[in-house]
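So the structure is just underneath, and the comments pick up after that.
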Amino acid sequence: MNPNVNEAANGKTAAPTSLNDTAFYKSQLRVALRNCGIINPENIDEYIAVDGYQALGKVLTEMKPQEVIDVMKKSGLRGRGGGGFPTGMKWEFAAKNVSEQKYIVCNADEGDPGAFMDRSVLEGDPHAVLEAMAIAGYAIGANHGYIYVRAEYPVAVKRLEIAIGQARKYGLLGKDIFGTGFEFDIDIRLGAGAFVCGEEMALLTSIEGNRGEPRPKPPFPANKGLFGYPTIINNVETLANIPQIILKGADWFASMGTEKSKGTKVFALGGKITNTGLVEIPLGTTLRDIIYNIGGGIPGGKKFKAAQTGGPSGGCIPAQHLDTPIDYDNLTAIGSMMGSGGLIVMDEDNCMVDVARFFLEFTVDESCGKCTPCRIGTRRLLEMLEKITAGEATLEDIDKMEELCYHIKSNSLCALGQTAPNPVLSTLKYFRDEYEAHVVEKRCPAGVCKNLLSYEIQADKCKGCTACARACPVGAISGEVKSPHKIDKSKCIKCGACMATCKFGAIIKK
Amino acid sequence: MKSLAELTKIREKMDGKVILHEGTNDIRIVVGMATCGIAAGARPVLDAIVEEVKKAGLSDKVTVTQTGCIGICRLEPLVEVHESGKAKITYIKMTPDKAKRIVEEHIKGGKPVIEYTIGDN
């Protein structure tokens, strides 16, 4: 509590005057975000003031490349972009390849709906990413790096440009860094915002100047990546952890988290949650803690239904798994995935079939079209979901849909297609009853799917005030003043304007 | 940069500027200027604080700067006041007018404007 403020005199605890004293902040642990909200991201001196570029200095002057890789391996750091591949192993594969040229690529093509972790790191602490890329370059023997960032992040791009310019001016990028003979430079490549370009092979293809389409693996980028040379691709948040791991040691990092998922994870909290925002928690924190303690619960006293993680590649976690400690393996085991860190909370007003439909609509839009299972499969899957939300499907359709999901997963070329059916499969797993309600009872339990809804005026509650009739944009409501009104269902467009207008709660949604 | 010593020199020059030392009268005001803050209207707030601090003749002891995402998006624009030896104060949902009052009462007068702080929000 702030010593300046002494309002506890009347027996009440004083309300916090500092963010640090709020429940939102107290359970957080900031490693990747340690400088965000503290330093001026456009001033390299401020980064240096908080130990910036010390880690690069340490590896260049005190450590052999293999020692750097050993620290990364020992720390247990895993890729924060979603896949969760051990970073140290990735580096080791690339380091072992003998080649005249190697590359470091930073994947800043954050594309999941509702995710803004990487943008926040780039905007708040761009030098941490540059420093980590140089460290990675030293470890694997690369002297050039690319940051692939989407053009929709103009502030992040501008701050990266400023940061690269400052680092070059100080000689922290360029030739003979710290007089060690090590050379490393970084360029920015702007993506046009295609979701598939976050997939590493498509990203490389895009940097090479071609249309962003994935290519088959193997060969993996560590063997044959950018322009055919060994390349490592790390996510922004992964990189932001690295300077701290070098300075504080692998054991410090490994002391946080769970057995197989070390460190912290940044989540972008969104949806039906009080504290929309950016949070960083030690891995192993439960979903309940994130939602009710840090997130402040669900507004309006509504009931929690599910949390969506992993974006269009992930799944929904229902209430019975609220106490599962969040780490890579646990999320996969319950049918979702860590993903890049988008966490969308859904309450009783969200229809799970509609949620699956929303994500499929997204993947259909974003499928690059190169392979058939993804291009046509996701389209067919979306059509089936639309049939369900329209109330025109049969139980057989649900089975067919599930079968199609497995076909798409096992036959698609890249992770976009391989994971696209996940939102359908996980909602089917936990909310099959909602699917069946749509199909069998022709009813949407959450009251979202318009085709299955109807609005009705309860005659006993209607005072005949005419407010609803005036609010209706299509003139579907009629009735005399002071006598109960009626909705003409053939005209009604189910916009809900009448229900929002009625002061007497006389209009119900069925 | 040809040696680690050069890096150390910059760090020494910056000592006490980002993390304030106790016993000085320094004040550092940071305005959350990530995309979320800018979208919520942080830029005019930053401009107002800079101008008011200048008008009050406090530019020597008060640093005003932008920073990245402070984290609690729903309460943007956010302004945090760090004073040496004291807990920081978080102001929420800032406007240029609120900024004027904060510079007047808190920065000049030394009394935080409690009603604009994060409180139980």
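Keep in mind that this is a model prediction, so the values were computed, not measured. Each chain gets a letter, A, B and so on, in the order the sequences are listed, and its residues count up from 1.
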[X] [atom1] to [Y] [atom2] distance, which is reported to the nearest 0.5 Å:
X: Leu173(A); Y: Met1(B); atom1: CG; atom2: CE; result: 11.0 Å
X: Thr17(A); Y: Ile89(B); atom1: OG1; atom2: CD1; result: 3.5 Å
X: Leu4(B); Y: Leu60(A); atom1: CG; atom2: CG; result: 8.0 Å
X: Ile19(B); Y: Ile39(A); atom1: CD1; atom2: CD1; result: 9.5 Å

Check for a donor-acceptor pair, side chain of Thr67(B) on one end and backbone N or O of Asn40(A) on the other, with a separation under 3.5 Å.
no

Between [options], which has the largest tally of heavy atom pairs under 4.5 Å with chain A?
options: Lys13(B), Glu12(B), Met14(B); result: Met14(B)
options: Met33(B), Glu76(B), Lys111(B); result: Met33(B)
options: Ile92(B), Ile70(B), Leu75(B); result: Ile70(B)

Flag yes if more than 12 heavy atoms outside Arg30(A) fall under 6.0 Å of its CZ atom; otherwise flag no.
yes

Looking at Lys9(B), I want to see if its NZ is surrounded by more than 12 non-hydrogen atoms of other residues, nucleotides or ligands under 6.0 Å.
no

Within the 4.5 Å heavy-atom criterion, are [X] and [Y] side-chain neighbours or not?
X: Arg159(A); Y: Gln66(B); value: yes
X: Ile10(B); Y: Tyr170(A); value: yes
X: Cys73(B); Y: Phe116(A); value: yes
X: Tyr25(A); Y: Ile72(B); value: no

Chain B: which of [options] shares the most heavy-atom pairs with it under 4.5 Å?
options: Asp51(A), Leu33(A), Thr61(A), Asn35(A); result: Asp51(A)
options: Glu42(A), Gln28(A), Glu46(A), Lys58(A); result: Glu46(A)
options: Leu56(A), Val155(A), Ile48(A); result: Ile48(A)
options: Ile44(A), Thr274(A), Thr22(A), Val279(A); result: Thr274(A)
options: Ala49(A), Ser120(A), Ala23(A); result: Ala49(A)

With a 4.5 angstrom heavy-atom cut-off, could you sort out which part of [X] is near chain B: side chain, backbone, both or neither?
X: Gln54(A); value: both
X: Lys175(A); value: backbone
X: Leu19(A); value: both

Closest non-hydrogen atoms of Glu123(A) and Ala34(B), given as atom of the first, atom of the second and distance, are OE1-CB, 3.1 Å

Between Ile38(A) and Val30(B), does the side chain to side chain contact (heavy atoms under 4.5 Å, CB included) criterion hold? Intermediate values first, please.
CA-CA 7 Å; Ile38(A) 312 264; Val30(B) 298; over 6 Å; no

Under 4.5 Å heavy-atom distance to chain A, tell me which part of Glu6(B) shows up: side chain, backbone, both or neither.
neither

Is Thr35(B) in contact with chain A via its backbone, its side chain, both, or neither, using a 4.5 Å heavy-atom distance?
both

